[in-house]
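To keep things clear, I will list the structure first and then write my remarks on it.
Side chains are part of it too, since the values below use all heavy atoms of this structure and drop only hydrogens, waters and symmetry mates.
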Amino acid sequence: YNEAAFIADKIRNIALLDYPTEKLSVVVACDGCQDRTAEIARQTLLEPEVAHLNLRIIEFKKNRGKIAILNQLIPMLGSEIIVLSDTSALISMDALKLANEHFLHDETGFVAASYQILKPGSTGEKKYWQYQRQVKLGEAVLGSPIGVHGALYFIRQALFEPLETDTINDDFMIPMRIIKRGYHGKYDTRLISVELEQASLNMDQNRRTRIGAGNLQQVVRLFSMLHPKFGGTAFSFFSGKVLRGIMPLILVSQLLLNLLLAFQFTEFCVLFILQLLGITLARISLHWPKGGLPPQRMFTPLKLAFYLINGYFSSLLGCFNYLSGRTKSHWTSVSSD
């Protein structure tokens, strides 16, 4: 949706992938785009380096949302393996061949790629995604990775189940439902997607608000994944998603309890003041002028602490949005957020 800035580079990137041309078909689905995405895609197909691609452009007049497009198109695709990738993320040259190796095993239902940001918007964002890659590796050791990086992942077409139209994090729901059917997922750090879009602090917070809403939704809809039969994957789901989904509510409860105890114990009064000060400074840090003293000259641990606090604050807003039914199902261009 409205990816005019990246669609040409994405098509060129796909054309250069090390994979047999006759075994690869590409679909560019424009969901009611209001810019020149489709036009630029057609112009790019005229380039000699791209002309060999089996690529078709589907233009939908009305913007119906990502879930509606996935539900309509994936069941219609004839390929055994479906690759889903963000327009603004470039794919490593050998990614398709490497993923194919995993699908030689019948029990493999999906394959997750590693996610990297070309230009992180902040130190906190950079560290966050480095941490997330380590978490994915740990999940894969225990069982299957829970969810995938939406910038690039692979699924067996036959295992796709249409999603509810209000689904928030499709790149989590799709692979988890595949696991529920008895298949396994793989996480391969050799498969790399590089994000070209540089997110501003505001864009990053909007993204994390949406993820927060999605985390709570996942807890509700995938509660059965906590069954012991799923082994290490059940533990990963509990620690990585259930706790994350309710953590903003836990932290608010902790703050309120400290406030109540502050009237009786000096230690809790100090703790409450420190918590309130940390939250206030973290929120103010989002509005400090670029090039000023804070946060540019702030030492790294404090930057990370502020990024963490702001992330939980955004998740709390996401929880309220989900509970009040205010989450959006339609596409929203990252740059327009």
Side-chain angles (χ1 to χ4, degrees), residues 13-14 17-27 66-67 70-71 73-86 89-116 129 132-163 167 169-194 218 221-222 224-241:
N13 172 228
I14 296 173
L17 295 180
D18 181 15
Y19 197 78
T21 303
E22 68 277 7
K23 294 185 178 181
L24 178 65
S25 60
V26 184
V27 174
K66 183 178 183 181
I67 304 303
L70 294 178
N71 285 345
L73 292 184
I74 291 181
M76 296 170 53
L77 301 176
S79 300
E80 179 184 357
I81 306 301
I82 305 297
V83 188
L84 297 169
S85 180
D86 288 346
L90 300 186
I91 304 171
S92 52
M93 305 303 291
D94 56 353
L96 301 189
K97 280 190 173 181
L98 293 173
N100 184 64
E101 295 176 4
H102 293 291
F103 285 109
L104 295 177
H105 304 282
D106 294 338
E107 70 274 10
T108 300
F110 69 90
V111 176
S114 177
Y115 180 66
Q116 299 180 14
W129 285 111
Q132 283 297 311
R133 286 196 291 273
Q134 294 302 313
V135 169
K136 287 293 176 205
L137 284 171
E139 293 170 356
V141 171
L142 288 175
S144 295
I146 57 167
V148 296
H149 300 301
L152 176 65
Y153 66 103
F154 307 72
I155 64 171
R156 291 190 187 275
Q157 190 262 4
L159 300 180
F160 174 77
E161 297 180 5
L163 300 169
T167 299
N169 296 337
D170 55 279
D171 52 5
F172 187 85
M173 296 296 294
I174 291 174
M176 289 299 281
R177 286 184 170 180
I178 290 176
I179 294 174
K180 283 187 68 175
R181 296 181 62 173
Y183 291 84
H184 299 290
K186 301 294 182 181
Y187 180 63
D188 193 334
T189 56
R190 299 174 301 167
L191 309 177
I192 300 172
S193 60
V194 180
Q218 290 153 194
R221 295 186 177 178
L222 293 171
S224 61
M225 289 296 300
L226 294 173
H227 195 284
K229 71 178 181 180
F230 294 108
T233 302
F235 174 79
S236 295
F237 178 57
F238 174 75
S239 62
K241 288 300 178 182

Quick check: do Lys180 and Glu161 have side-chain heavy atoms less than 4.5 Å from each other?
no

Does Phe172 have any side chain to side chain contact (heavy atoms under 4.5 Å, CB included) partners at least two apart in sequence or in another chain, and if so, which?
Ile146, Asn169, Met176, Gln218, Leu222, Phe237, Lys241

So which heavy atom on Gln157 is nearest to which on Leu77, and how close?
NE2-O, 3.2 Å

Take Lys97 and Tyr19 through the side-chain contact (heavy atoms from CB on, under 4.5 Å) test and state the conclusion after the steps.
CA-CA 6 Å; Lys97 280 190 173 181; Tyr19 197 78; 4.0 Å; yes

Pairs involving residues 145-155, ordered by first then second residue, that meet salt bridge (charged side-chain N to carboxylate O under 4.0 Å, His left out) (sequence neighbours left out)
none

Give the minimum heavy-atom separation between Ser85 and Leu152, together with the two atoms involved.
CB-CD1, 4.1 Å

Would you call Val111 and Thr108 a side-chain contact if the rule is heavy atoms closer than 4.5 Å?
yes

Nearest 0.5 Å, what's the CD1-CE distance between Ile67 and Met173?
9.5 Å

What's the shortest heavy-atom distance between Ile155 and Phe103, and which atoms?
N-CZ, 4.2 Å

For the CG atom of Leu24 and the CD1 atom of Ile81, what is their distance to the nearest 0.5 Å?
12.5 Å

OG (Ser193) and CG (Leu90) are apart, to the nearest 0.5 Å, by 9.0 Å

Which residues satisfy the side-chain hydrogen bond (donor to acceptor under 3.5 Å, both in side chains) test with Glu22, sequence neighbours excluded?
none

According to salt bridge (charged side-chain N to carboxylate O under 4.0 Å, His left out), who are the partners of Asp94, at least two apart in sequence or on a separate chain?
none

So, using side-chain hydrogen bond (donor to acceptor under 3.5 Å, both in side chains) as the criterion, who are the partners of Ser92 when residues are at least two apart?
none

Rounded at 0.5 Å granularity, tell me how far CG in Leu70 sits from CD1 in Ile74.
4.5 Å

Under 3.5 Å, side chain of Arg133 to main-chain N/O of Tyr115, donor-acceptor pair present?
yes

With a cut-off of 6.0 Å (strictly less than), are more than 12 heavy atoms of other residues, nucleotides or ligands near CZ of Phe235?
no

As a quick check of understanding, evaluate side-chain contact (heavy atoms from CB on, under 4.5 Å) for Phe160 and Asn71, giving each step before the final call.
CA-CA 9 Å; Phe160 174 77; Asn71 285 345; 3.6 Å; yes

List the atom of Arg181, the atom of Leu159, and the distance in Å for their closest heavy-atom pair.
NH1-O, 3.3 Å

Who passes side chain to side chain contact (heavy atoms under 4.5 Å, CB included) against Ser25, sequence neighbours left out?
Asn54, Ser79

Among all residues two or more places apart in sequence or in another chain, which pass the side-chain hydrogen bond (donor to acceptor under 3.5 Å, both in side chains) test with His102?
Asp188

Any chance you could measure Phe154, atom CZ, to Asn100, atom CG, to the nearest 0.5 Å?
9.5 Å

Restricting to non-hydrogen atoms, name the atom on Val148 and the atom on Pro175 that form the minimum distance, rounded to 0.1 Å.
CG1-CG, 4.1 Å

For residues Ile179 and Phe110, determine if any side-chain heavy atom of one lies less than 4.5 Å from a side-chain heavy atom of the other.
yes

Can you name the side chain to side chain contact (heavy atoms under 4.5 Å, CB included) partners of Glu107, sequence neighbours left out?
His105, His184

With sequence neighbours left out, what residues match Asn13 under side-chain hydrogen bond (donor to acceptor under 3.5 Å, both in side chains)?
none

Checking Ala140 now: which residues fulfil side chain to side chain contact (heavy atoms under 4.5 Å, CB included) with it, not counting sequence neighbours?
Pro145, Tyr187

To check you understand the geometry: which heavy-atom pair defines the closest contact between Thr167 and Leu163, and what is its length?
OG1-CB, 3.7 Å

Residue pair Met225, Arg177: steps toward the side-chain contact (heavy atoms from CB on, under 4.5 Å) verdict
CA-CA 9 Å; Met225 289 296 300; Arg177 286 184 170 180; over 6 Å; no

Show every salt bridge (charged side-chain N to carboxylate O under 4.0 Å, His left out) that has at least one partner inside residues 142-154, sequence neighbours left out.
none

Do Ile91 and Val194 make a side-chain contact, defined as non-hydrogen atoms from C-beta onward lying under 4.5 Å apart?
no

Taking atom OH of Tyr183 as the centre, does the number of heavy atoms from other residues, nucleotides or ligands within less than 6.0 Å exceed 12?
no

Does any pair with a residue in residues 136-155 pass side-chain hydrogen bond (donor to acceptor under 3.5 Å, both in side chains), and if so which ones, sequence neighbours excluded?
Lys136-Glu139

